[in-house]
Amino acid sequence: MILAWLILLLLAAGPLAWLLDRRGSQWPRWIALGALAIDLVLTLILWIERDAQASISSQGVRLADLSLPWIPRFGIGVHLTLDGFSLLLVLLTLFLGVTAVVASWTEIKEHVGFFHFNLLWVLAGVLGVFLAMDLFLFFVFWEVMLVPMYFLISVWGHEHRVYAAVKFFLFTQAGSLLMLIAILGLVFIHAQQTDMVTFDYQQLLDTKMDRTVAMWLMLGFFAAFAVKLPAVPFHVWLPDAHTEAPTGGSVILAGLLLKTGAYGMIRFAVPLFPEAAQTFAPVAMTLGAIGILYGGMLAFAQTDLKRLVAYSSINHLGFVLLGIFSGNAIALKGSVMQMIAHGITTGALFILVGALQERLGTRDMRRMGGLWTTVPGFGAVMLVFAIASLGLPGSGNFIGEFLVLLGTYRVNVLVTVLAALGLVVSVIYSLALIQQTFHGSANESWAVPDLSMRYLVTLGSMIAVQVWLGLSPQPVLDIAGKALENLRGFGNEAAIVSRR
Amino acid sequence: MTSEDFIALLPLLVTALSSLAVLLLAAFRRDHGLVAVVTSLGLVAAFLTLPVAAGVAPRPVTPLLIMDIYALFYAGLILAATLAVTILSYGYLEKQEGQHEEFYALLLFATLGAMTLAAASHFASFFLGLELLSVSLYVLIAYVRTDNRPLEAGIKYLILSGTSSAFLLFGMAVIYFQSGTMEFARTAAWVAGTIELPAAFLVGLMFILTGVGFKLAVVPFHLWAPDVYQGAPAPVTAFVATVSKGAMVALLLRYFVEITALRSEILWWVLAGIAVLSMFVGNLLALFQDNVKRLLAYSSIAHFGYLLVAFLAANPLTVEAVTFYVAAYFITTVGAFGIVSVLSKPGCEAETMDDYRSLFWTRPWVAGVFTVMLLSLAEIPLTAGFVGKFYVFAAGVDSSLWVLLVLLVVNSVIGLFYYLRVIVVMASEEHREDRRADLVQTLPVSYADGLVLATLSGLLFWLGLYPAPLIRLIQTMQRGLIGS
């Protein structure tokens with residue numbers, strides 16, 4: 001039941017924040033922060049408690065489970081499960097949720113209550129996506145993320161917010177509907193075999209089907225997840241949405257919504273259709289490699305600071321896609337690591353860029369330069385995350401990218417070589433970011449305040465997590481390890497590798 | 001006629017008596033409020049007799065009507081929608097001086113016609129019900145005589161509706177000529193006895209489809225819809241969009257399921273063509289509308305295209321899917337036009353996009369309800385509309401109608417675009433500085449209207465979150481239909 005409470009708390013806090021806006025704009029902020037903090041603490045308690053009973057890394061796969069009937073006509077149930085893999089992503093969601101609230105503290109001045117309503121509902125949707133074990137429920141949460149995110153971009157965004165928000169909504173929705181058809185196709189094939197209509201993930205896993213059918217259904221799922229991830233060429237919504245969204249929105253978009261795409265592939269697309277995924281793998285891996293190079297190169301070409309960070313996501317998520325479809329346990333773990341590390345790094349970069357824009361009133365890098373002397377705090381923190389983003393050893397990104405390359409090398413050398421070249425590209429744009437913004441001569445004389453204590457605490461905690469991921473990645477890999485090994489379709493060597 | 005026959009007919013009888021009561025009342029005392037209350041009470045009373053009538057269902061009453069759970073279910077939908085329309089009409093008409101009592105009598109006549117359609121089992125009752133509905137609508141559409149556009153819409157509807165009735169009658173005649181009967185059940189028996197449907201019979205069905213298609217406003221019989229939707233007073237638009245279409249769907253479904261019309265491939269392809277055209281024409285033209293009422297008109301054309309996909313699946317899920325879809329559509333459409341209605345008054349309809357500008361910040365509750373209704377029309381989860389679409393998809397997948405489903409997806413995305421456009425306008429920050437905007441945005445919403453809108457929103461979320469009870473009800477109803 002605890003899992004339902006996690007989601008319901010956020011869903012209930014949303015309207016409360018909206019209503020109490022009348023009492024003063026501090027109310028919604030504290031309510032949102034409080035609800036997220038309570039959720040975070042509850043999840044941590046759950047983790048520590050259950051871990052003491054049965055170590056996740058050794059045997060216990062499910063930490064919590066909830067199953068209730070919902071629409072019996074179609075065998076649809078409210079089925080939520082928390083395993084090690086979900087746990088990591090739930091923690092990431094709540095952590096980034098807190099940072100998003102803090103980052104919006106001074107930026108959002110209008111309609112504060114409605115903003116936090118949307119923020120909390122997006123996060124509730126994301127939590128649901130990471131926990132749902134019923135395909136119908138999963139789809140519902142998948143869509144619940146969408147509408148509030150649309151509002152976050154279109155109401156509080158920057159210049160071209162409406163265009164960006166509509167583009168985001170249409171792309172995602174097109175992918176989702178294809179997935180809905182695929183879900184129904186799978187369910188009906190399963191029903192024909194067993195005479196039982198069910199949307200339950202565990203039961204659908206055993207569906208046997210024709211190769212061609214499996215391929216089409218897999219592509220239906222892939223369409224939805226590839227748009228969210230985003231995989232080139234379905235990425236065109238991303239730069240606009242990320243650039244135009246308010247800071248809190250960008251943090252959630254880049255940090256969490258993209259991860260739901262990767263999560264969907266790992267949890268659903270591959271295990272439900274392992275053979276089809278294997279056949280399709282070369283294409284997906286090529287798309288991943290293209291994303292790495294293309295995203296990196298476009299990031300370098302940007303003059304808009306926020307757009308640069310947005311394109312860097314395409315670069316990083318390319319590694320995730322590559323790792324997932326290499327069908328290899330090491331690469332898969334690398335992908336999961338990359339998902340978490342990228343969430344923290346990009347979240348932090350968006351917070352920094354947002355705070356900088358709030359002070360300077362521009363995101364144009366051509367107008368910056370030499371900012372280090374004015375705002376040294378910004379420079380130092382930005383440098384930390386820029387080098388984390390380029391994958392320097394000691395950061396979580398390094399672990400993720402390294403493991404992905406290590407795993408992929410066994411499967412496809414050519415793609416690995418191309419992807420490794422992408423690492424060079426990410427060094428170039430990350431350093432260019434620092435160089436053009438903080439170094440060199442000042443193009444304009446800015447006199448703005450440095451990072452406040454609120455930001456320092458938030459970003460400091462993000463640095464701590466990032467360094468912890470980089471220096472001691474094993475606990476994270478262990479938490480997810482058992483859950484990942486139980487997923488089908490990721491190669492036979494899974495068992496061997498985990499024994500170390 | 002035995003007493004059981006009367007019990008089975010109670011919902012129709014109560015509605016008929018209420019309309020007479022309203023007419024008599026208007027003759028003796030002109031009191032808008034009183035008439036509206038009597039009308040509402042009559043509708044509620046008719047609704048309450050449904051369970052009583054269900055006790056003796058299924059029961060054929062004369063060869064003309066069959067009072068089964070199916071008919072009663074649709075009667076329930078029709079009565080509930082009419083009740084909402086009645087309350088909205090009161091709020092709407094009250095904003096203008098004048099005598100409005102006859103409006104309610106006509107509304108009740110139209111409702112009676114719609115209920116007759118849902119229960120028809122014979123061409124005679126089919127045509128009687130249809131004409132009772134149509135003739136009342138001619139007047140209702142043109143009810144606000146002080147303005148030109150309602151009159152124009154009324155006459156347009158009159159002429160086109162008359163033409164389509166002629167087609168319908170001709171179709172009935174052809175079918176009678178072939179099968180020698182006007183009763184649905186006997187036609188079904190005759191069809192079952194033929195190996196291949198004769199061409200003339202199919203021609204007859206096509207003519208009937210023309211008449212039905214006109215009422216449903218599916219392409220290519222849709223040309224009246226935008227003008228009538230725009231011209232008619234907002235509450236009447238809600239009635240045209242829901243009750244008149246819903247009753248027609250009920251009839252079409254019953255007739256086609258009974259005579260297994262879709263076993264004819266030609267007919268299937270014709271309907272598939274109509275479905276695809278309706279989706280595309282409706283959605284693409286809606287993209288270019290700057291008038292919210294016209295936009296909703298085109299969107300409703302598209303919605304009937306979606307509904308036909310479930311219809312074409314022709315599998316055990318069809319009746320269930322279509323009925324659920326219609327129920328969700330009723331709630332959403334009455335809700336959407338309800339919002340238009342509370343923001344409008346006779347002669348001054350809130351219809352341009354500009355009228356809705358920044359409504360979110362000036363009137364958050366009204367804008368919130370409208371947003372929810374639009375999201376349900378766009379079939380986003382948590383709303384009734386989504387479960388309806390889910391049903392259509394499920395029916396389609398079960399019959400492997402992949403091409404139609406992919407076209408449906410394409411159309412859903414196009415549809416989403418223009419629903420979002422309205423939401424964007426409502427959420428925009430710019431205020432419009434002229435008197436008209438003030439007028440639209442400051443009209444008070446009465447408690448009764450507020451209650452209707454709140455109830456509809458509640459129902460919308462209830463069906464979206466927990467559709468199980470309604471699904472069970474529809475399943476009971478469906479067993480009766482297929483068994484008969």
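A note on names: the letters A, B, ... follow the listed sequences, proteins ahead of strands, and every chain is numbered from 1.
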Hey, are the side chains of B:E320 and A:R73 touching, using non-hydrogen atoms and a 4.5 Å cut-off?
-> yes
Considering non-hydrogen atoms only, spot the tightest contact between A:W70 and B:Y466 and give its length.
-> O-CE1, 3.6 Å
Nearest heavy-atom neighbours spanning B:F386 and A:L180 = CE1-CD2, 4.2 Å
Indicate the atoms forming the closest heavy-atom contact of B:A394 with A:F188, along with that distance.
-> O-CZ, 3.6 Å
Can you tell which part of B:L317 gets under 4.5 Å to a heavy atom of chain A, answering side chain, backbone, both or neither?
-> side chain
Would B:K389 and A:L177 count as a side chain to side chain contact (heavy atoms under 4.5 Å, CB included) if you check the C-alpha gap in whole Å, the side-chain angles of each, and the deciding distance to 0.1 Å?
-> CA-CA 10 Å; B:K389 178 170 73 179; A:L177 290 175; 3.2 Å; yes
Measure from the ring center of A:F136 to the ring center of B:F390 and say whether it is less than 6.0 Å.
-> yes
Would you indicate whether the side-chain heavy atoms of A:F151 and B:T371 approach each other to under 4.5 Å?
-> yes
Kindly compute the distance separating OH (B:Y391) from CZ (A:F74), expressed to the nearest 0.5 Å.
-> 4.0 Å
Highest number of heavy-atom pairs under 4.5 Å with chain B among A:V140, A:V166, A:I71, A:L170 belongs to A:L170
Examine whether an atom of B:L375 lies under 4.5 Å from a heavy atom of chain A, and if so say whether it belongs to the side chain, the backbone or both; otherwise answer neither.
-> side chain
Between CG of B:L382 and CH2 of A:W121, what distance do you get to the nearest 0.5 Å?
-> 6.5 Å
Taking the side chain as every heavy atom from C-beta outward, state whether B:V424 and A:Y150 have any atom pair closer than 4.5 Å.
-> yes
Side chain to side chain, A:L146 and B:I380, heavy atoms closer than 4.5 Å = no
Measure distances from A:I189 to the heavy atoms of chain B and classify the residue's part below 4.5 Å as side chain, backbone, both or neither.
-> neither
Quick one: pull up CD in B:E379 and CD in A:E143 and give me the separation to the nearest 0.5 Å.
-> 11.0 Å
Below 4.5 Å from any heavy atom of chain A, which atoms of B:L405 appear? Answer side chain, backbone, both or neither.
-> both
Go through B:F393, B:F417, B:W402 and name the one with the most non-hydrogen pairs under 4.5 angstrom from chain A.
-> B:F393
